[in-house]
2 protein chains.
Amino acid sequence: MNLVLPHTGRRVPCEQCPLRALPAFRDFTPTELRFVSGFKTGEMTAEPGAVILSEGAHSAHLYTLLSGWAFRFKTLADGRRQILNYMLPGDLVGLQGSVIGEMEHSVEALSPLVLCVFQRDRLDELFGGHPGLGFDVTWLAAQEERMLDNHLLSLGRRTALERAAYLLSFLHQRARMVAPNAARIELPLTQQHVADTLGLSIVHTNKTLRKLSNLGLVRWLGGACEVLDLERLMVVADWEGLHDRKRPLI
Amino acid sequence: MNLVLPHTGRRVPCEQCPLRALPAFRDFTPTELRFVSGFKTGEMTAEPGAVILSEGAHSAHLYTLLSGWAFRFKTLADGRRQILNYMLPGDLVGLQGSVIGEMEHSVEALSPLVLCVFQRDRLDELFGGHPGLGFDVTWLAAQEERMLDNHLLSLGRRTALERAAYLLSFLHQRARMVAPNAARIELPLTQQHVADTLGLSIVHTNKTLRKLSNLGLVRWLGGACEVLDLERLMVVADWEGLHDRKRPLI
DNA sequence: CGGTGAGTTGATAACTATCAAATCTCGTGG
DNA sequence: CCACGAGATTTGATAGTTATCAACTCACCG
């Protein structure tokens, strides 16, 4: 099922982007909005398991995730895989590659995706003509850096149980930001994904998640996870949570 | 010994910056150089152990490391510490805080430091008046993100021995870039720093480093480490090494 | 109905942490 | 000059955590 569908024409005009209406995103000026709209080449969809970008590639494209979940990962020569971070609606996909050149990680779809496509060689225009948007790109990069800092703290210094609690509360918060009114939030993950994120074996991950289940903090639903008690999960993880500053949507 | 000396007046004019002459850094146009020079407020020095920036602070400053080594870290409530990355000459210090607002990590000097000081509220001018420099800031952020990706892979999926090999070869390469002609390179680290970077206990770190020593790959010199065989170290780590693209120096 | 992927469990092995106690270096005060 | 203390490194013994192996259940699907 590893297919990436070819670009289809533009569908959602940026001015009516459903994401942009969410309180998590800052308002853009009409000028900014016009530029972003012109920056967008089209849309692309992908099915779960599809590899959007591969390590080593020099992609001509930069994307913004419009809907669905994806993740970034790296692998060692013998196949050990580490998931670096997750991508949710509103996240830029492929920025590292666009800015530096070659991709050093891969990106895979977790759920069905819709992506907005941009031409990476027009990034210059963005920085040149819209300094505010240029700053926004840096802001997003700094934000990603922060998440990675937290993940590093987790892998380096938290126990298996604390790590799991951190990851699930982190993902729940992120999901909540782009689905503020959802009655229930399901994280579209398998335990294998959790294991590859936490740096644990699949078996130990299962035993650890079971503990969280038994404590009543989460519930596992074949191929997805539901957070039942965010507060206590964050206490177990000793994690403050994400701040709720408005973010740019490019 | 936790003192941060107050800012002293400008000493090294950017046009004659010794770092800028190194092949690792890209040439700046006279215009760019003039702006950066005007962007610089002064210099600051710090002694080993001094905390330059603290978690939670809203610093008015942004720095570039002119000489010396520093590191970024986060701690859990009970004191467990995780070193996130190291900073060497040419690195921006405090960018995350400057772009987003509040610092979510601390920065500590590893050796005596000299820092160039910038006013963070003039970052707008940089993006507005010099898109190329704005892009450079993003480039540097993307570069940091890449290093963190590699560290995450290490903590998540490498064994203790592989992690140590990765860290020491990584630091040796970074040091080499800013000291291309040095006969010998010494990494100014204690084993405690290595432990806090690798997510290992100090005892196990010691035993692991001893193995690398016994293999003839590194040599430990109270408070510093010398890499003896970079090639084999990188083989042990299954690591490709850093690319040698020219980088901006702001 | 067989097959596949996901989740679960128990037994055992491997790795890493913790505890305790040395050694060593180096700067300081006597 | 030497004794002393602090920090860094080293080592062995033991405990705790996590990985690996093997087997099994369950839901789902062609």
Side-chain angles (χ1 to χ4, degrees), chain A residues 1-2 47-49 76 78-83 108-111 154-165 167-168 186-215 218-226 236, chain B residues 1-2 47-49 76 78-83 108-111 154-165 167-168 186-215 218-226 236:
Chain A
M1 224 14 126
N2 269 36
E47 290 306 308
L76 289 171
D78 64 5
R80 283 174 282 177
R81 178 175 82 164
Q82 178 63 40
I83 294 182
E108 185 176 318
L110 259 181
S111 66
S154 220
L155 287 197
R157 292 304 185 204
R158 278 194 250 250
T159 65
L161 192 74
E162 293 167 342
R163 274 185 236 187
L167 175 65
L168 297 177
E186 286 190 12
L187 315 178
L189 300 168
T190 66
Q191 297 192 351
Q192 184 67 64
H193 290 119
V194 174
D196 286 347
T197 309
L198 302 184
L200 299 171
S201 72
I202 175 70
V203 174
H204 195 64
T205 297
N206 175 272
K207 291 171 182 169
T208 302
L209 291 173
R210 187 122 282 282
K211 281 185 196 163
L212 288 180
S213 277
N214 292 340
L215 289 169
V218 305
R219 183 162 53 152
W220 208 263
L221 328 142
C225 173
E226 184 183 358
V236 171
Chain B
M1 229 5 133
N2 268 37
E47 291 305 307
L76 289 171
D78 64 5
R80 283 174 282 177
R81 178 175 83 163
Q82 178 63 40
I83 294 181
E108 185 177 319
L110 211 41
S111 66
S154 220
L155 288 196
R157 291 305 186 202
R158 278 193 250 251
T159 65
L161 192 74
E162 293 166 343
R163 275 185 235 186
L167 176 64
L168 297 177
E186 285 189 11
L187 315 179
L189 299 168
T190 66
Q191 297 191 353
Q192 183 67 64
H193 291 119
V194 174
D196 286 348
T197 310
L198 301 185
L200 299 171
S201 72
I202 175 69
V203 174
H204 194 63
T205 297
N206 175 271
K207 290 171 181 168
T208 303
L209 291 173
R210 188 122 283 282
K211 279 186 197 163
L212 288 180
S213 278
N214 292 340
L215 289 169
V218 305
R219 184 163 53 153
W220 208 263
L221 326 143
C225 173
E226 184 183 358
V236 171

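Computed from a predicted model, the values in this text were never measured in an experiment. Both backbone and side-chain heavy atoms feed into the values below; hydrogens, waters and symmetry mates do not. Just so it is clear: chains get the letters A, B, ... in the order the sequence lines come, proteins before strands, and each one is counted from 1.
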Of the non-hydrogen atoms in [X] and [Y], which two are nearest, and what is the gap between them?
X: B/Pro48; Y: B/Leu110; value: CB-O, 3.8 Å
X: B/Thr197; Y: B/Gln82; value: O-NE2, 2.9 Å
X: A/Leu200; Y: A/Ala160; value: CD1-CB, 3.8 Å
X: A/Glu162; Y: A/Val236; value: CG-O, 3.5 Å
X: A/Trp220; Y: A/Val194; value: CH2-CG2, 3.9 Å
X: A/Leu76; Y: B/Arg157; value: CD1-O, 3.8 Å

Task: Reading 5' to 3' through nucleotides 2-9 of chain C, protein heavy-atom contacts under 4.0 Å coded B for base, S for sugar-phosphate only, - for none - done: ----SSBB
Task: Axis bend over the full length of the helix from C/dC1-D/dG30 to C/dG30-D/dC1, computed from five pairs that close each end, to 10 degrees - done: 30°
Taking atom [atom2] of [N] as reference, at what distance in whole Å does atom [atom1] of [X] sit?
X: B/Asn214; N: D/dT11; atom1: CG; atom2: C1'; value: 13 Å
X: B/Arg219; N: D/dT9; atom1: CZ; atom2: C1'; value: 16 Å
X: B/Leu200; N: D/dT9; atom1: CG; atom2: P; value: 15 Å
X: B/Leu198; N: C/dA17; atom1: CG; atom2: P; value: 10 Å
X: A/His204; N: D/dA19; atom1: NE2; atom2: P; value: 6 Å

- [ ] Decide yes or no for A/Thr208 and A/Arg163: does some side-chain heavy atom of the first lie under 4.5 Å from some side-chain heavy atom of the second?
- [x] no
Task: Within-4.5 Å side-chain heavy-atom neighbours: A/Thr159 and B/Arg80 - done: yes
